[in-house]
Structures are given as structure tokens and as C-alpha cells.
Amino acid sequence: MSAESSGPEPGPLCPEHGQALSWFCCSERRPVCAACTGLGGRCRGHRVRRAEERAEELRSTASAARELVIQRLGLVRSLCESEEQRLLERVHGEEERAHQSILTQRVHWTEALQKLDAIRTSLVDMLTHLDDLQLIQKEQEIFERTEEAEGILDPQDSDKLNFNEKCIRSSLLTQLWVTAVLGSLSGTEDVRIDERTVSPFLQLSDDRRTLTFNAKKSKACADGPERFDHWPNALAATSFQAGLHTWMVNVQNSCAYKVGVALGQLPRKGSGNDSRLGHNAFSWVFSRYDQEFRFSHAGQHESLALLRCPAQLGVLLDLQAQELLFYEPASGTVLHTHHASFSGPLFPVFAVADQTISIIR
């Protein structure tokens with residue numbers, strides 16, 4: 001295809017022919033002059049368009065992209081506003097319920113105190129004015145009055161007096177929050193393994209980030225109070241007591257691993273559940289065994305339905321909110337959320353019984 005120049009135009013000139021770049025070569029994706037498209041030109045036979053037509057096409061594409069951004073952000077904003085309204089209404093409703101329960105309990109205890117005062121007065125009257133024989137005859141009545149008084153002191157729906165924080169839980173809010181947090185953090189924590197804790201069934205890399213399982217127990221590891229001597233576990237050298245922290249683990253090569261957090265007082269010795277991750281009150285872990293995924297704590301196991309096996313596993317620990325999340329870094333998808341009252345500093349913890357896992361930095 002050839003084109004004739006319509007005269008000199010302002011703007012950059014073709015470095016080869018010194019003519020205005022009034023055409024756009026669609027094959028080479030660059031502006032060219034009329035000579036480039038003509039006989040002997042490097043773009044002869046290519047699909048070319050007028051530069052102004054290409055510019056108009058770009059403006060149209062940019063406008064459409066701008067409208068798409070506005071439309072999608074508007075949808076997200078509307079969804080966030082609706083979710084905010086829904087959750088605030090739930091918080092208000094829970095606040096009203098708890099307040100009403102307190103008022104109800106106040107009435108109950110006022111009446112209970114009045115009953116106790118009446119029973120006390122009756123018993124004092126009996127003990128004061130009855131002789132021994134009359135007192136013996138009133139034994140059953142005294143017993144019934146005492147039993148009635150004990151019943152009055154029984155707790156009445158005390159759990160309803162607490163504010164139920166579950167009312168603010170929202171999968172949408174959690175997913176948006178995780179996305180925002182991961183986008184705002186400058187990077188992940190520099191987590192490294194404490195070599196003193198590494199099981200003799202594991203080999204630790206020189207950079208202290210990779211654990212490799214070995215079915216044969218190593219005799220090179222010197223035993224110590226910190227070392228796990230049976231289960232293939234290892235603790236990080238760093239603990240967290242406050243704030244927001246995240247770290248990632250490459251798990252694509254392993255079909256049997258555990259990743260999570262543990263308290264420093266997690267037992268290290270023996271083959272019992274005390275030192276087995278997820279089977280005691282000291283550890284909270286996400287685990288994989290072949291195609292089965294689950295979250296475990298204190299011997300309670302919750303199966304997780306994952307669409308695919310994550311190549312990487314992210315851990316997000318929010319100690320202010322007392323929340324532990326596991327997510328897939330590639331998509332930002334939250335795999336599991338757990339709320340707990342953590343009683344002390346938490347260490348990243350790992351276990352691997354197949355191949356290798358590595359902390360990503």
C-alpha cells in the first residue's frame with residue numbers, strides 16, 4: 001500500500017527521509033512518513049493508517065478505559081457503602097440487644113435481692129422466735145427456703161450480656177481489607193528459621209529459609225531444650241507481640257506441610273499431641289496432606305475446600321484485631337480466617353513431611 005505526502009506538517013520528522021511522520025505502520029507499531037510506505041520504503045506492503053486516525057483511535061480507547069475504571073470503582077464504592085450500612089446496622093442491633101439484656105438482668109437482680117431479703121427476714125424471725133421443738137418442726141420449711149435462696153443466685157443468661165463481635169464479620173470486608181493491606185505494606189517480614197528448633201528429620205538451608213524433609217533422622221543435630229525431637233517442626237527466630245505482620249511460604253513442591261503460628265511455650269519433646277502442630281492449645285496451623293487442606297488448633301480440625309493447590313501460601317497476622325489469615329499471594333484470595341485471644345508473643349511455625357518448603361523474601 002502506498003500513500004502520497006500532503007505537504008510538510010509540524011512535528012517530528014522521519015530520521016530516514018526527513019519527512020513528517022504523518023502515517024502509522026500497524027505492523028511495526030510506530031509512526032512513519034509517506035516515503036516509508038512508498039516504493040522502496042521499509043513499510044511498503046504493511047498495513048498503514050493516517051496518524052490522525054490512529055490518534056483518534058487511541059483517544060477513543062483511552063476514553064473507554066477511563067469509563068470502565070469509573071464504572072468499576074463506582075460499583076466497588078456502592079458495594080462498600082452497602083456493606084458498611086449492613087454491618088453498622090448489625091452493630092447497632094447487637095448493641096441494642098446487649099443493652100436490653102442488661103436492663104432485663106437489672107430488673108431480675110432487683111427482684112432477686114428483694115426475694116433474698118424476704119427469705120432472710122423470714123429465717124431470722126424463725127430462729128429468733130421459735131423454741132427448739134418448733135424449730136425442729138420447721139426444718140423442712142427452713143430447708144426449702146434455703147434451697148430457694150440458692151436458686152435465686154444462679155446465673156441468668158449471663159452470656160447474653162456480652163457484645164457479640166461476630167456481628168461485624170464479613171467475607172467481603174475481609175477480602176477487601178486483605179487486598180488493601182497487601183497493597184499498602186512495603187514488604188513481607190524477614191522471617192528466618194531458628195536452627196536450634198529444627199527437627200532432626202529436617203535439613204535447614206544456609207540462609208535459614210528452606211526446610212527439606214529427610215525420613216532418616218539426622219545424628220548431626222545436637223539435642224537441646226529448644227529442638228523438636230520427634231515431629232518435623234521448626235520455629236522462626238522472630239516473634240510478634242503487636243501490630244500487623246505478613247510472610248509468605250513457597251509450598252508448591254510439598255504435599256505434606258503445616259504453616260502457621262505458635263506460642264513460645266509449645267512443647268518440643270516427645271511424640272504426643274503436646275508437640276504436634278495443630279493438636280494443642282499452643283499452635284494454629286494451615287495444613288496440607290495430599291489433596292486435603294484444613295485449619296487446626298487444639299485438636300479441632302476444620303476442612304477447607306480449595307479450588308486448587310496453592311503454589312505459595314501467605315500468612316497475615318493482625319494482633320490488634322486478634323486475627324490470623326491465610327491467603328494465596330497470586331490472587332489475594334483469603335483461604336481461611338481465624339479469630340482468637342492470643343495470650344503471648346507468636347512465632348511463625350513450620351512443619352514439612354514431604355520434599356521442601358521455603359520462606360519467600
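The distance between the ring centers of W247 and F350 does not fall below 6.0 angstrom.
The backbone N or O of Q252 sits less than 3.5 Å from a side-chain atom of N250, completing a donor-acceptor pair. One N or O on the side chain of N214 and one on the backbone of K216 form a donor-acceptor pair closer than 3.5 Å. Here the side chain of R97 pairs no donor or acceptor atom with the backbone of H99 at under 3.5 angstrom. Q175 places a side-chain N or O within donor-acceptor distance of the main-chain N or O of G332, the cut-off being under 3.5 Å. The backbone N or O of N273 lies less than 3.5 Å from a partner atom in the side chain of N280, making a donor-acceptor pair. The main-chain N or O of C255 is found under 3.5 Å from a side-chain atom of D354 such that the two form a donor-acceptor pair. Checking side-chain atoms of S78 against main-chain N and O of G74 turns up no donor-acceptor pair under 3.5 Å. In terms of modelled atom types and a separation under 3.5 Å, the side chain of Q134 and the main chain of D131 share a donor-acceptor contact. Panel note: side chain S122, backbone A118; no donor-acceptor pair is recorded below 3.5 Å. S60 places no side-chain N or O within donor-acceptor distance of the main-chain N or O of E56, the cut-off being under 3.5 Å.
Residue-environment remark: CG (L103) exceeds the threshold of 12 foreign heavy atoms within 6.0 Å. Q300 CD: 12 or fewer foreign heavy atoms inside a 6.0 Å radius.
In this structure, F240 is not a member of the same hydrophobic cluster as Y327, with clusters built from ILVMFWY side-chain heavy atoms closer than 4.5 Å. Hydrophobic clustering (side-chain heavy atoms under 4.5 Å, transitive across Ile, Leu, Val, Met, Phe, Trp, Tyr) keeps L87 apart from V178. In the hydrophobic cluster analysis, where Ile, Leu, Val, Met, Phe, Trp and Tyr join through side-chain heavy atoms closer than 4.5 angstrom, L306 is grouped together with V251. Under the 4.5 Å side-chain contact rule for hydrophobic residues, F282 and V259 share a cluster. Under the 4.5 Å side-chain heavy-atom criterion for ILVMFWY residues, a single connected hydrophobic cluster contains both F295 and L346.
Atoms CD1 and CD, on I360 and Q312 in that order, are 3.5 Å from each other to the nearest 0.5 Å. Expressed to the nearest 0.5 Å, how far CD of Q203 lies from OG of S218 amounts to 8.5 Å. S287 OG to L304 CG: the interatomic distance, rounded to the nearest 0.5 Å, is 8.0 Å. A distance of 9.5 Å separates CG of L313 from CD1 of I357, quoted to the nearest 0.5 Å. Between atom CD of residue E302 and atom CZ of residue R294 there is a gap of 11.5 Å, rounded to the nearest 0.5 Å. Within the model, atoms CD of E195 and CG of L202 stand 13.5 Å from one another, a figure rounded to the nearest 0.5 Å.
The minimum heavy-atom distance between L263 and S343, with the atom names listed, is CD1-OG, 3.6 Å. Contact record, P225 with K269: O-CE, 4.1 Å, taken as the closest heavy-atom pair. The two atoms that bring C309 and F293 nearest to each other are SG-CZ, 3.7 Å, heavy atoms only. Scanning both residues, M248 and G314, for their nearest heavy atoms gives CG-CA, 4.1 Å. Residues A236 and F347 come closest through the heavy atom pair O-CD2, 3.4 Å. Shortest non-hydrogen contact noted between R288 and D290 is NE-O, 2.5 Å.
In this structure, C26 and R49 have side chains that are in contact, with non-hydrogen atoms separated by less than 4.5 Å. Side-chain contact between V352 and P232 is absent, with no heavy atoms from C-beta onward closer than 4.5 Å. The side-chain heavy atoms of L235 and F228, taken from C-beta on, include a pair separated by under 4.5 Å. Here the side chains of R50 and F24 are not in contact, with every heavy-atom distance at 4.5 Å or above. With contacts defined as side-chain heavy-atom distances shorter than 4.5 Å, the pair T110/Q114 qualifies. Under the 4.5 Å side-chain criterion, counting only non-hydrogen atoms from C-beta, I359 is not in contact with R192. Put simply, the side chain of L316 does not reach to within 4.5 Å of the side chain of V334, judged on heavy atoms. Between L244 and L317 the shortest side-chain heavy-atom distance does not fall below 4.5 Å.
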Is there a salt bridge (Lys or Arg N to Asp or Glu O under 4.0 Å) between D190 and R208 once you walk through the steps? CA-CA 11 Å; D190 185 12; R208 294 165 45 210; over 6 Å; no
Could you walk me through whether L68 and Q71 pass the side chain to side chain contact (heavy atoms under 4.5 Å, CB included) test, one step at a time? CA-CA 5 Å; L68 181 61; Q71 179 187 18; 3.9 Å; yes
Q140 and E144: CA distance, side-chain angles, deciding distance, side-chain hydrogen bond (donor to acceptor under 3.5 Å, both in side chains) verdict: CA-CA 6 Å; Q140 182 61 32; E144 291 175 354; 3.2 Å; yes
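With hydrogens and angles left out, the side-chain atoms of E89 and Q85 include a donor and acceptor closer than 3.5 Å. For T210 and D207, the side-chain atoms include no donor-acceptor pair closer than 3.5 Å.
The existence of a salt bridge linking D229 and R227 is excluded, since no basic side-chain nitrogen approaches an acidic carboxylate oxygen closer than 4.0 Å. Under 4.0 Å is where a charged nitrogen must lie from a carboxylate oxygen, and between R268 and D223 no such pair does.
Listed by chain and residue number, nothing satisfies the ring pair (Phe, Tyr, Trp, His ring centres under 6.0 Å) test with Y289 (two or more places apart in sequence, or in another chain).
With respect to L324, the side chain to side chain contact (heavy atoms under 4.5 Å, CB included) criterion is satisfied by exactly one of D318, V285, V315: V315.
W284 and F342 have perpendicular rings, their planes meeting at more than 60° on a 0 to 90° scale where under 30° would count as parallel. The aromatic rings of F213 and F201 sit parallel, their planes meeting at an angle under 30°, below the 60° perpendicular limit.
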